[in-house]
Amino acid sequence: MQKILLTTLMLLLLGIPACTRMSPTQQGALSGAAIGAGAGLGISAITGGNLGVGALVGGALGGVAGTIYGNQQEQKTYRRY
């Protein structure tokens, strides 16, 4: 289980620099999915649930939430100009 957590953490850290040339909506979606997957994985590990299902559900929910947040940030940016 520690290998899975370490691998997930490394993938999350490697993915952060890839967000630099994306729109705020894309950044929000990707970041939200990654954070949600990590959170879902962690919660599943703590509660004894299925790690894959926890990561998938967390990633999907995080991706949706991140997309909404990123889109709102992008709209705020466009309203300023």
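All residue numbers in this chain count up from 1 along the given sequence.
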Exercise for the section: Would you kindly confirm whether V53 and I4 end up in one hydrophobic cluster when ILVMFWY residues are joined by side chain heavy atoms under 4.5 Å apart? Expected result: no
Handout entry: Spacing of NZ belonging to K3 relative to CE belonging to M10, to within rounding of 0.5 Å
Key = 13.0 Å
Problem - Separation of T7 OG1 from L41 CG (nearest 0.5 Å) - result: 10.0 Å
Problem - Q26 side chain to S23 backbone, donor-acceptor under 3.5 Å - result: yes
Exercise for the section: Could you tell me whether the side chain of Q73 and the main chain of P24 form a donor-acceptor pair under 3.5 Å? Expected result: no
Practice task
Would you give the length of the straight line joining atom CG of L51 to atom CD1 of I43, rounded to the nearest 0.5 angstrom?
Solution key: 12.0 Å
Practice task
Quick one: closest heavy-atom pair of M22 and Q27, and the distance?
Solution key: O-NE2, 3.2 Å
Handout entry: Sequence-distant partners of N71, side-chain contact (heavy atoms from CB on, under 4.5 Å), two or more places apart
Key = T25, Q75
Exercise for the section: Kindly give the heavy-atom pair with the smallest separation between G54 and S44, and that separation in Å. Expected result: CA-OG, 3.1 Å
